[in-house]
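Lettering follows sequence order; numbering is per chain, from 1.
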2 protein chains.
Amino acid sequence: MADIKSQANPLFLTEDEIRQGIELLFYAYRDFTSDPDEILAAYGYGRAHHRVLHFVNRSPGMTVTQLLAILRITKQSLARVLGALIEQGLVRQDRGARDRRQRLLYLTAEGEALERRVSAPQRDRVARAYREAGAEAVAGYRKVLAGLIDERDREGVLKAIERR
Amino acid sequence: MADIKSQANPLFLTEDEIRQGIELLFYAYRDFTSDPDEILAAYGYGRAHHRVLHFVNRSPGMTVTQLLAILRITKQSLARVLGALIEQGLVRQDRGARDRRQRLLYLTAEGEALERRVSAPQRDRVARAYREAGAEAVAGYRKVLAGLIDERDREGVLKAIERR
DNA sequence: ATTTTATGTCAGCCATATTGACTTATTTCC
DNA sequence: GGAAATAAGTCAATATGGCTGACATAAAAT
């Protein structure tokens, strides 16, 4: 039916097809992160702050350990970023009720406002790409990206993403 | 036919669907870059070196200006990385024949060998994800990622990626 | 009671990026 | 032919976001 060469054939993947898939991911990620980066720079924050705002907003009450596992950075690295956000009243910490060692993380109203402002163009970008590509393409996008995640924690990540 | 809620409906995108698309990209990119990072660390190189090796390998004879446009970094940032690769015999520079101001970039045999070694697990990861997702999903993946690229240079990027 | 876990903190280091200023060689344009 | 623009390189200073190692405290688990 379709031109064989132009189709991604699952039984015969050329090195070139793979390379294209790699480069597309590079370019998409490059531009996908550029919007928040620009906005945050004006506030004196960076990409690392955005990631914290995003995931705390997404899972209010998450622990520091959970956040570290998601970001895959050391607690010393997180400390500087998280400390700044707490100090400036964008993130709040509560002791865990069940486990009082834990510090549960929440965005303050101000933190939520900044998160929304910073992620707005990023959401718009994804929404536009989704609309233009169509529902079927979006399903494929999700399927392939999920397959790129390390297998050992793929299930957990997908569960976390889809939870609600 | 299918459950409406589980489908990405192009006419009614919920904020949650968008957020999931954002997070999937974050996780996929995080793991996608982890393989080369680990290998390169053993050689005393970093992610920036890998990007140079990748794109010079992909487009032998490209100019410094072209590389800067792709990476979206300053020439001072590139200088350190590119300088190290040249110094250690992984990248070679030739004067442009048409424009002698240009320095055309090529990988040496050694550079090609390292590029292959470093990108191998990354290629394997993408190949596996492609095979498991199937041809239709791959087409969707490509469509959405292309839509995430800045519109002003989307056409140029796609042309560059698909050229061969 | 001991060990493990969750979190925090100090200190030092490295990689990657930035801005700004300036140089050299070459091409392009008038 | 001369001025302006372009391609590339370089020096200096700075910021950001990571890292390792060492150590401390509180609370939970064994």
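- R47(B) comes within contact range of the sugar-phosphate backbone alone, with a heavy-atom separation under 4.0 Å but no base atom that close.
- Between the CG atom in L68(B) and the CD atom in Q76(B) there is a gap of 9.0 Å [rounded to 0.5 Å].
- One can place OH of Y45(A) at 16 Å from C1' of dA15(D), the figure rounded to the nearest angstrom.
- Comparing Q102(B) and R72(A), the nucleotide of DNA chain D nearest to each residue sits closer to the 5' end for Q102(B).
- Side-chain contact annotation: Y141(A) with E136(A), donor-acceptor N/O pair under 3.5 Å absent.
- Chain A approaches DNA chain C over the interval dT5(C) to dC10(C), counting the first and last nucleotide 5' to 3' with an atom under 4.0 Å from its heavy atoms.
- In this entry the distance linking CD of Q66(B) with P of dA7(D) reads 10 Å, nearest Å.
- Straight-line distance from the NE2 atom of H50(A) to the C1' atom of dT16(D): 17 Å, rounded to whole Å.
- Q122(B) and S119(B) share no side-chain donor-acceptor pair at under 3.5 Å.
- Atom P of nucleotide dG9(D) and atom CD of E87(B) are separated by 14 Å, given to the nearest angstrom.
- A donor-acceptor distance shorter than 3.5 angstrom exists from the side chain of T108(B) to the backbone of G89(B), with no hydrogens or angles considered.
- Judged by closest nucleotide on DNA chain C, L82(A) is the one of H49(B) and L82(A) placed further toward the 5' end.
- As judged by a 4.0 angstrom heavy-atom cut-off over every strand, Q93(A) is placed among residues touching the sugar-phosphate backbone only.
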(message) For a quick check, with a 4.0 angstrom heavy-atom cut-off, what is the B/S/- contact string for nucleotides 20-30 of chain D, read 5' to 3'?
(response) BBB---BBS--
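- Annotation: Y29(A) is in aromatic contact with Y29(B) [ring centroid separation under 6.0 Å].
- A heavy-atom distance below 4.5 Å is found between the side chains of D153(B) and D31(A).
- A salt bridge is defined here as a Lys NZ or Arg NE, NH1 or NH2 lying under 4.0 Å from an Asp or Glu carboxylate O, and D35(A) with R123(A) fails to meet this definition.
- In this structure, the CG atom of L78(A) is 10 Å from the P atom of dC19(D), given to the nearest Å.
- Not a single donor-acceptor pair under 3.5 Å links the side chain of Q88(B) to the backbone N or O of L85(B).
- Looking only at atom types and distance, the side chain of H50(A) has no donor-acceptor partner in the side chain of E115(A) under 3.5 Å away.
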